[in-house]
Protein chains: 2
Amino acid sequence: MSGSCFAERLNHFVNLTTVEREALARLEERERHLRRGQTLRRENDDADEIYILRHGWIMSFVFLDDGSRQILRLHFPGDLIGSSNIAYRDAPESLTALTDAVVCPFDKSALKVLFEQHPRLAALLFAVSQAERVSLTDRLASLGRTSAKARVGALLLDMIHRIRFMKKDVTSTFDLILTQEEIGDATGLTAVHVNRMMRALVEEGLIERRNGSVTIVDERALSRASAYTNRFAALDTSWFPASRG
Amino acid sequence: MSGSCFAERLNHFVNLTTVEREALARLEERERHLRRGQTLRRENDDADEIYILRHGWIMSFVFLDDGSRQILRLHFPGDLIGSSNIAYRDAPESLTALTDAVVCPFDKSALKVLFEQHPRLAALLFAVSQAERVSLTDRLASLGRTSAKARVGALLLDMIHRIRFMKKDVTSTFDLILTQEEIGDATGLTAVHVNRMMRALVEEGLIERRNGSVTIVDERALSRASAYTNRFAALDTSWFPASRG
DNA sequence: CGTCGAGTTGACATAATTCAAGTAAGGTGG
DNA sequence: CCACCTTACTTGAATTATGTCAACTCGACG
């Protein structure tokens with residue numbers, strides 16, 4: 001029953017039944033391969049598709065009228081992406097691959113079956129989306145109320161935590177992937193200032209850099225300096241309906 | 001079948017059946033009255049309750065370590081609030097009344113019944129929460145990539161649109177309610193700078209102020225200047241399961 | 001009548017941006 | 001294998017947006 005990294009991720013929170021796994025597997029029947037830099041879809045596209053990210057990293061972002069870009073969220077394997085047009089017919093955000101990537105597109109009508117026949121999965125989806133919401137509010141507080149250095153630090157911490165969540169090895173080193181311009185677009189800064197803040201973090205002994213990889217040297221101090229809250233507590237599944245089948 | 005402003009709001013999107021209305025009414029059996037300034041719950045409270053806001057305005061916010069505050073969202077009648085701890089046991093955000101308010105608290109276990117017996121309502125809840133998510137990403141772009149003046153303008157526009165959505169009269173004047181300090185905490189600015197930006201907007205003829213009320217004079221220009229996107233399009237309900245009963 | 005919270009204003013300080021010029025690394029065509 | 005591009009990163013100097021501090025007004029309220 002491997003193959004579905006979405007099921008694998010959801011299985012962190014509840015023990016999926018065979019029937020539930022099958023239902024999830026049906027969302028991942030098709031595959032689409034993307035090369036780094038390739039755009040999966042653009043703002044305002046009329047899109048009925050939602051995607052499960054299987055391999056690689058993808059970012060969602062919007063452009064403002066003046067040409068500036070805001071990166072809304074980084075997506076990792078196991079994430080449900082493009083979910084915002086569960087609500088809307090037109091995509092409110094663009095999706096572009098940060099690395100070579102594989103996604104599984106499915107039509108949003110597939111959710112209908114899920115909600116009808118697998119209430120526990122529906123509840124789980126809902127809970128996961130609420131957790132994503134909290135993650136967004138954390139970023140809102142970061143952009144609204146913390147310094148440039150703290151924003152960059154918080155982004156790095158978020159990345160390492162999410163990487164650890166996927167692979168269980170407790171590493172402190174990871175491939176940055178993002179350019180400094182992209183880090184700026186995620187944190188609301190200019191590339192130049194991101195550069196300065198990264199070296200400041202290095203000078204203060206909080207991180208190290210080698211080629212394209214970053215090591216979190218003093219995670220405790222960095223977390224404090226960046227006002228970072230770790231939200232990787234278990235989901236509260238107590239209210240979920242029983243599984244069917 | 002009045003009384004439930006939650007049902008009333010959801011009825012904007014689908015025609016609720018009698019059975020569905022009854023299920024929703026069950027979420028609003030209890031009432032709790034709050035006075036302006038009163039806190040409904042605090043960050044880190046162990047909270048099993050979720051609320052439907054019936055009257056008045058409420059804000060959700062977090063405090064950072066340095067004592068600064070970020071207002072995450074303004075809530076209006078018909079909103080589901082405290083929904084973030086559908087995912088978590090401990091509340092990630094505080095809730096405080098901006099005006100005298102009435103909320104209907106219900107235990108999150110009540111959602112279980114909803115997901116089991118009313119898949120269409122569950123789908124609707126999910127879609128509404130995705131729309132909220134998009135609203136949060138709009139704010140993220142506002143804080144990350146627009147000027148102080150634009151952020152204040154966008155907040156005012158968001159308020160007027162949400163007020164219009166509740167009451168159908170197409171007014172351009174509303175009671176601001178928020179202090180300039182609160183506007184600052186919502187937009188990531190200081191109270192002093194909010195003051196300057198508001199008067200700049202007045203001088204440019206975009207808004208007017210009288211006592212505590214604000215009038216949007218030139219909505220088109222203000223929307224452009226604030227990079228504001230109106231998301232009050234209809235929800236896409238095409239994928240919803242059929243209603244039961 | 002005095003106090004308090006909110007709004008207003010000016011002078012000054014600071015964080016972040018802009019502009020400009022450079023370096024380093026990787027990829028490509030000859 | 002070299003010469004040439006291109007893209008990302010780096011750095012300094014000047015500029016601008018926003019924050020800080022402090023003083024004052026005004027209206028509400030007890």
Side-chain angles (χ1 to χ4, degrees), chain A residues 35-37 59 64 66-71 96 98-99 142-156 175-204 207-214 225-227, chain B residues 35-37 59 64 66-71 96 98-99 142-156 175-204 207-214 225-227:
Chain A
R35 258 172 295 151
R36 167 172 172 79
M59 62 174 172
L64 307 207
D66 64 354
S68 65
R69 177 175 67 171
Q70 176 67 48
I71 295 182
T96 295
L98 287 162
T99 65
S142 180
L143 293 205
R145 284 297 184 218
T146 77
S147 69
K149 207 196 293 174
R151 289 187 228 171
V152 173
L155 180 67
L156 297 178
D175 241 14
L176 185 51
I177 305 283
L178 300 182
T179 65
Q180 295 182 352
E181 174 126 32
E182 286 162 342
I183 295 176
D185 286 343
T187 53
L189 301 167
T190 57
V192 172
H193 204 56
V194 167
N195 183 292
R196 292 197 245 260
M197 295 304 103
M198 300 262 296
R199 9 203 75 245
L201 290 174
V202 171
E203 272 180 29
E204 292 166 29
I207 67 171
E208 271 172 16
R209 293 183 302 166
R210 191 184 311 274
N211 297 330
S213 84
V214 172
S226 307
Chain B
R35 257 171 297 151
R36 167 170 173 81
M59 62 174 172
L64 307 206
D66 65 352
S68 64
R69 177 175 66 173
Q70 176 68 47
I71 294 181
T96 296
L98 286 163
T99 64
S142 179
L143 294 205
R145 284 297 185 218
T146 76
S147 70
K149 207 197 292 177
R151 290 188 226 168
V152 173
L155 180 66
L156 296 178
D175 240 13
L176 185 50
I177 305 281
L178 299 182
T179 64
Q180 294 183 351
E181 173 125 33
E182 285 162 344
I183 295 176
D185 286 343
T187 53
L189 301 167
T190 56
V192 173
H193 206 56
V194 167
N195 184 293
R196 293 197 246 260
M197 294 303 105
M198 299 263 296
R199 11 203 73 247
L201 291 174
V202 170
E203 270 179 31
E204 291 168 29
I207 66 171
E208 271 172 15
R209 292 184 301 166
R210 191 184 310 273
N211 297 328
S213 84
V214 172
S226 308

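Proteins get letters first, then strands, A, B, ... in listed order; numbering begins at 1 in each.
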With rounding to the nearest 0.5 angstrom, report the [atom1] to [atom2] distance, [X] to [Y].
X      : Y      : atom1 : atom2 : answer
B:R69  : B:M59  : CZ    : CE    : 4.5 Å
B:Q180 : B:M198 : CD    : CE    : 5.5 Å
A:L201 : A:S226 : CG    : OG    : 7.0 Å

Quiz item: Quick one: A:E181 CD to D:dA8 P, roughly how many Å, whole number?
Solution: 8 Å

Self-check item: B:N211, CG atom: more than 12 neighbouring heavy atoms under 6.0 Å
Solution: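 No, the 6.0 Å shell around CG holds no more than 12 heavy atoms from other groups.
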
Exercise. Walking along DNA chain C from 5' to 3', note the first and the last nucleotide with an atom under 4.0 Å from a heavy atom of chain B, and give both.
Key: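 The contact span of chain B on DNA chain C goes from C:dA6 to C:dA11.
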
Any donor-acceptor pair under 3.5 Å linking the side chain of [X] with the backbone of [Y]?
X      : Y      : value
B:T187 : B:I183 : yes
B:R209 : B:V214 : no
B:R145 : A:L189 : yes
A:Q70  : A:D185 : yes

Quiz item: Once each nucleotide of nucleotides 12-30 of chain D is scored for protein heavy atoms under 4.0 Å, what B/S/- sequence comes out, 5' to 3'?
Solution: BB----BBBB---------

Practice problem: Could you tell me whether the phosphate oxygens of D:dT10, OP1 or OP2, come under 4.0 Å of any side-chain nitrogen or oxygen in A:N195? | Solution: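 For A:N195, the contact criterion (side-chain N or O under 4.0 Å from OP1 or OP2 of D:dT10) is met.
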
